[in-house]
Each structure stands twice: as C-alpha cells, then as structure tokens.
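Okay, so here's the structure we're looking at.
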There are 2 protein chains.
Amino acid sequence: MNFDFYMPVRVVSGRTALADSAAQLKKLGDSCMVVTGKRSAKASGALDDLTEVLRREKISCTVYGGITENPLLSSCEEAAALAAEKKAAFVVGIGGGSPLDAAKAIAALAANPGLDREGFFKKAWKNPPLPIVLIGTTSGTGSEVSPTSVLTVDSVKKSVSGPELYASLAIANPAYTGTMSYNTTVSTGLDAFCHAVEGYFSPACDDITGYLAEKAMPMVYRGLKMMRPEMEMTPAFREQMYYGSLWAGLVLNAHGTSFPHPYGYVLTENHGIPHGKACAVFLPALLLHCAQYAPEKMERFLRVLDTDLPAVNQLLDSLSGVERISMTKEEIQSYRKRFTGLKHYANTPGAYSEEQGLRLFETLFLK
Amino acid sequence: MNFDFYMPVRVVSGRTALADSAAQLKKLGDSCMVVTGKRSAKASGALDDLTEVLRREKISCTVYGGITENPLLSSCEEAAALAAEKKAAFVVGIGGGSPLDAAKAIAALAANPGLDREGFFKKAWKNPPLPIVLIGTTSGTGSEVSPTSVLTVDSVKKSVSGPELYASLAIANPAYTGTMSYNTTVSTGLDAFCHAVEGYFSPACDDITGYLAEKAMPMVYRGLKMMRPEMEMTPAFREQMYYGSLWAGLVLNAHGTSFPHPYGYVLTENHGIPHGKACAVFLPALLLHCAQYAPEKMERFLRVLDTDLPAVNQLLDSLSGVERISMTKEEIQSYRKRFTGLKHYANTPGAYSEEQGLRLFETLFLK
C-alpha cells in the first residue's frame with residue numbers, strides 16, 4: 001500500500017468549464033499564445049469559446065494554427081519565436097494530443113530563447129516554461145494531466161517530460177470532443193485504454209494508481225465495445241470516453257507506458273497508423289505476457305472489465321486493424337537498434353526485450 | 001459525471017519517504033523553520049529523521065515546539081516572527097492536525113510581517129506564504145492534502161483556507177503514526193471517517209470524489225471496527241488507517257465538511273472532547289438525515305461498508321463517547337447565534353438549519 005501522488009494540474013470540467021475558468025486565466029497574464037491544429041479547435045467550438053472569454057477578460061491573444069498530427073519540433077520552435085515576439089505570458093493548447101503536447105514544448109521554448117535542440121530535450125532550461133493551459137478536443141491523449149510532450153524530430157518521435165511541463169489549468173469540456181470523427185474516436189479511445197492498461201500492469205502500479213486504473217478501464221472499455229461506424233455518438237457517450245481518458249491520464253501520469261507505446265511509434269512513423277490504433281496493435285501481446293507474469297492481476301483485470309481475455313483481444317484486433325500492416329524481414333530487423341534498451345521493458349511484468357519485440361513484429365507483420 | 005480536480009501537493013509516501021524527499025527539500029531553500037507540538041514529532045522519530053536529512057542537505061533549521069492541541073493563532077504569530085528573524089525559506093510542520101495547520105498559518109504570517117489578524121483571516125496577504133512541508137504523525141486530519149488551517153482565537157475555532165495554503169510537499173510515512181496512543185488513534189480515525197462521509201453525502205459530491213470516498217470509507221471503517229483498548233496496533237493497521245485518512249483528505253479537500261464539524265468544535269472548545277470524537281458525535285444524526293434526503297446514496301454507502309445503519313451508529317456511539325456530555329437548556333440556546341448561517345448546512349442533502357441543530361443538541365445532551 002502507498003499513497004504517492006503528484007498531479008498538480010487544476011482540472012475544471014463540464015459544459016461551462018471555459019467560462020468558469022475566466023478568473024484563473026486572467027491570473028496567468030494579459031497576453032497569450034493559442035496553439036491549435038487545423039480543424040478541431042475551430043470545429044469543436046473551443047476556440048470561439050476561448051476567444052470570447054479572452055476578450056471579456058481583456059487578454060490579448062495570438063493564434064498559431066500550424067500544429068500537425070505527430071507535431072514537429074520545428075513547428076514548436078516557430079510558434080515559440082512568435083510567442084516570444086508577442087510577449088505572450090502564457091500558452092493555451094487546444095486540440096488532441098498534438099496541439100497539447102506542442103503547447104508544452106512551446107511554453108518551454110518561448111521562455112528560453114536561443115536554446116538548442118539538445119538543450120531542449122535535456123531540459124537545460126534557464127527559465128521555467130510559461131504557464132500552460134490545455135483544452136482537449138479528443139478523448140485519448142491524457143496530455144491534459146501528464147507532464148509529457150511527444151514531438152517528432154527528423155521523422156522520429158522523441159519525448160520530453162518533467163514537472164515543469166504540467167499545465168496550470170486544464171479545461172475539460174466533453175462537448176469539445178463532439179465533432180471528433182468515428183475513426184479518431186476509436187483511435188483515441190484505444191490510446192486511453194492502453195494508458196490505463198499499460199500503467200495497471202506496470203510493476204510500479206500501487207494501491208492508488210491501481211484504483212484509478214480500475215475506474216478508467218471499464219469506462220473506456222464499455223465505450224470501445226459500443227463502437228460501430230454507424231453509431232450515434234451521444235453526449236453521454238462522449239462524456240464517458242472523455243472523462244475515462246482523463247482517469248487513464250492519471251495512470252499514465254504516474255507510471256508512463258509499456259512496450260506497446262514505443263512499438264506503436266514505429267507503426268505511426270513508417271506505416272501511417274494513427275497513434276492510438278498503433279499502440280493497441282501490441283496490447284494483446286502485452287496482455288498475453290501479463291497473463292503469464294502477473295496472473296492474479298490479470299484475473300482481477302478481467303473481473304473489473306467483466307469479460308475474458310479472448311473477448312478483449314478480439315475487440316482490440318477489430319478496432320486497431322492490425323491486418324492492414326505487412327513488413328519484410330529486413331524492415332523488422334532495421335528496428336533492432338531502436339528497440340534495444342527501452343526503459344519501457346522494465347515497466348512490464350516479467351520484463352521484456354528487443355528479441356521478444358522483434359519476434360512479435362514477425363508474428364504480426366511478416367506476411 | 002465530471003472531472004473537477006485540484007490537489008497540487010506532492011505526496012511522497014512509505015517508510016523511506018523522508019530520505020526520498022531530500023532533493024525536493026533542498027529545492028525549497030537553505031533554511032527552514034520546523035513546527036511541532038510537544039510530543040509526537042520527537043516520539044515518532046520524524047523529527048530525528050528530518051534533522052538528519054536537513055543536516056546532510058546543509059539546510060539550517062530552527063525548531064518551534066510550542067504548538068498545542070487546537071493551535072492558538074498567538075503561537076503561530078510567535079513562531080512566524082521567529083521564522084522571519086531566522087530568514088527561514090520554508091516551513092515544515094510535524095505532527096497531528098495542530099502542528100500541520102499551524103505550519104500553514106506560520107508560512108503565511110512569516111511572509112507577511114505586520115499583517116493584523118483581520119487581514120490574516122481575510123487573506124489580505126501581500127506575499128504568498130513560504131513553501132510548506134507537512135509530515136503527519138496521526139491518521140485523521142487530512143491536513144496534508146487540504147488547503148485549510150483551523151486555529152483557535154479567543155477560545156473559538158476559526159479557519160482560513162485557499163490554494164496558497166497547499167503544501168509543496170507532504171511526507172507520508174505511516175511509521176510516524178506508530179507511537180500514537182489508542183485514544184488518539186480512535187479520535188483521529190473518527191475524524192477521517194467524518195471527512196469521507198461528510199464529503200460523500202455533500203450535494204456537490206460527484207463522480208470523482210464519490211469514487212475517492214468509496215475508497216476511503218471502508219479502509220477507515222474496517223480499522224474503526226477493530227478498535228479495542230487492548231488491541232495490538234500493527235504496522236499494517238497503522239498503514240491502513242493513515243493512508244485511509246489521506247484518501248479521506250482528498251474528499252475533504254474537494255468538498256469540506258457538513259454540520260458535524262462545526263458542531264464538534266463546540267464540544268471541543270467547551271467540553272474538552274478531542275476533535276475527531278467531537279465530530280463523530282453528530283455523524284449518526286447526519287446519517288439519519290441523509291437516509292431521508294439521499295436514500296439511494298445511503299443504500300450505496302451501506303453496501304460499500306457492507307453493513308447496516310444501526311451497526312454504523314452503534315460503532316460511532318461506542319467510540320465517540322457521547323454519553324459523557326451533558327448540557328443545560330441555557331447552554332444549548334447560547335449556541336444559537338453560532339449555529340446560524342453556517343455554510344455547512346448547504347453542504348448537507350436536504351440542507352439543515354440552526355433550529356434542527358439546537359434540537360439535536362437537546363436530544364443528545366440535555367439530561
């Protein structure tokens with residue numbers, strides 16, 4: 001039993017979360033930079049709601065809309081230069097994981113002009129990042145409640161993490177996930193499920209995080225079981241998926257991830273599979289591994305989900321679409337170096353290794 | 001459903017929590033004031049462990065040991081003057097609720113020399129409080145994870161609360177509760193149970209806090225059921241009671257308390273009943289009220305505790321010792337003004353009133 005806990009983000013949730021946060025925003029300063037992707041910030045209504053609150057509070061704002069999926073460090077550098085030029089006092093990210101992760105990086109870069117990339121990833125920061133505000137529009141990332149930013153540099157995903165990167169404020173309005181497409185809803189839901197499950201089976205999982213995961217997992221799993229392309233995604237469904245992803249985010253925040261995440265990065269980078277689906281491809285293998293090395297926990301996991309392992313795996317397979325991917329032996333071997341020494345292996349019961357990973361890739365993708 | 005959450009304290013728990021926190025302490029500065037009561041800081045070993053870590057980290061420290069049960073604002077003022085004189089960079093409280101609450105007040109007063117009492121309670125603070133570190137030695141207060149300080153001024157309990165009063169760091173080592181007497185264990189356990197139950201039945205209780213309370217309540221209740229003067233209080237029992245009190249503290253942090261708390265203050269001030277027992281005296285009345293105004297929640301509460309209402313009430317009565325107290329009609333009427341307009345009434349399902357409170361006092365104490 002223990003009670004280790006650190007998640008200092010103030011989360012304000014519900015349909016009026018942005019308006020309810022006006023005074024908190026004003027406390028952060030009189031000017032901000034708003035970071036978005038192409039579509040969801042506008043389509044969800046979040047950007048309009050924010051603009052209205054900023055106007056009322058007399059907070060000036062500059063919008064940077066150039067964040068793409070799997071956000072580029074170079075875009076963050078561009079946005080940070082603009083934020084510094086405009087003397088932004090804080091940074092607001094609106095979107096899925098990409099703009100939220102980008103906002104964290106931009107806040108750090110804007111506060112440390114002239115910092116090179118190595119210094120950025122080593123957190124050789126002279127000044128703390130600008131305060132960060134995050135407004136989620138997808139239900140998967142957990143970025144709102146975690147101190148991690150995953151960026152793409154030279155076509156490879158790299159992450160930076162630390163307590164300085166927690167948001168001051170997360171505005172959690174499930175209505176902003178209401179315009180998410182079916183496919184994004186599936187993929188982000190799978191991401192949330194991976195966060196909860198990978199953390200739940202982490203050897204570091206304890207009394208407190210186990211309890212949080214046992215809240216997150218059935219919320220998200222019940223939603224995943226309802227997924228059909230023709231389904232009506234009601235506000236209640238959106239709410240369940242979004243808050244489920246935040247509960248899962250608390251687990252992610254405490255324990256990080258296991259091997260499905262770094263393996264998934266490869267599918268995203270080289271096969272264009274969206275992040276959540278890409279991680280979920282490897283979740284059945286993790287579950288099989290856990291059944292062997294953490295059988296009692298597995299029993300509890302299945303009891304919490306009220307199901308059996310074949311049913312979970314079938315659902316994951318049907319939603320993640322593993323059958324679309326094929327690789328040559330050479331491609332698989334080319335990942336050896338990348339799979340060596342991953343810190344995620346120690347975060348897996350009974351550990352894991354690059355050899356096991358390469359064999360898993362052969363089983364799944366060698367056609 | 002919602003996901004409002006704010007509890008920014010970094011909680012480091014377990015048997016090596018203090019040593020594990022050395023680097024965090026050093027970040028707070030090179031000098032500190034340590035605030036304790038008479039006994040537990042020393043007897044528990046916490047003060048010695050702290051002194052050792054401070055020595056190794058070259059952090060100078062001044063100990064103020066003058067905090068009594070139901071801490072006096074005047075003692076806090078005295079300690080704050082000393083902290084300012086010694087240029088303490090942060091304040092460490094070690095003890096039960098009294099030294100922890102006092103540490104919060106001292107941190108605010110030391111940062112704002114010359115502030116009068118009215119200004120203190122109105123939080124007319126020019127400077128933020130010094131960083132606060134809390135080390136609990138009892139399993140009840142929840143002060144470690146809440147932003148409230150309850151002080152005694154002119155023999156009356158007054159509280160001050162706000163996000164500035166959160167600790168930077170809480171060091172949660174259940175071993176430090178190991179020298180607590182049986183009576184203190186009972187009283188602080190009752191306090192924790194009240195925090196969880198009063199918050200659970202708060203009309204503001206939601207998805208997230210309900211879940212936290214449903215973790216806290218059975219942990220503490222199972223412990224209370226084991227209470228016998230001749231019992232052996234094992235490390236596992238101490239751990240369950242202490243971490244249970246922290247879970248309950250998360251509920252307290254979110255929703256504050258209902259009428260048992262302010263009514264309990266009266267028993268503490270005028271009849272010398274320890275705080276936890278004093279609050280628990282009124283919990284059966286709250287539960288009866290809840291059974292009427294929140295019957296479904298009551299059903300769930302009993303299911304979570306795996307018991308029935310008479311059993312809960314009997315346990316509370318036997319542990320709180322209500323039969324010792326007797327009051328005259330005049331004494332009870334003298335509390336009318338004090339019971340009028342309490343904010344706690346709105347934090348009770350179906351609300352509550354001073355008339356109901358005065359009748360309750362007559363039923364319980366008019367002999």
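These values consider heavy atoms only, across backbone and side chains, with no hydrogens, waters or symmetry-generated copies. The shown structure was predicted, so the numbers you read here are calculated from the model rather than taken from an experiment. Per chain, numbering begins at 1; letters A, B, ... match sequence-line order.
More than 12 heavy atoms of other residues, nucleotides or ligands sit less than 6.0 Å from atom CZ of B:R15.
One finds the NZ atom of A:K215 at 13.5 Å from the NZ atom of B:K215 (value rounded to the nearest 0.5 Å). Here CG of B:N173 is found 11.5 Å from CG of A:N2. Values are rounded to the nearest 0.5 Å. Atom-to-atom distance recorded for B:Q240:CD and A:M1:CE is 5.5 Å, nearest 0.5 angstrom. Expressed to the nearest 0.5 Å, how far CZ of B:F3 lies from OH of A:Y242 amounts to 9.0 Å. Within the model, atoms CZ of B:R10 and CZ of A:F5 stand 12.0 Å from one another, a figure rounded to the nearest 0.5 Å. Taken from OH in B:Y243 to CG in A:D207, the straight-line distance is 9.0 Å, to the nearest 0.5 Å.
When heavy atoms are compared at a cutoff of 4.5 Å, A:I171 does not approach chain B at all. Heavy-atom distances place no part of B:P174 under 4.5 Å from chain A, backbone and side chain included. Looking at B:E144, there are no atoms closer than 4.5 Å to chain A (heavy atoms on both sides), in backbone or side chain.
Using a distance-only test at 3.5 Å, with no hydrogens or angles considered, a donor-acceptor pair links the side chain of A:S13 to the main chain of B:D4.
You'll find the ring centres of B:Y211 and A:Y211 inside the 6.0 Å limit.
Counting heavy atoms from C-beta outward, A:W247 and B:I208 have side chains that approach closer than 4.5 Å.
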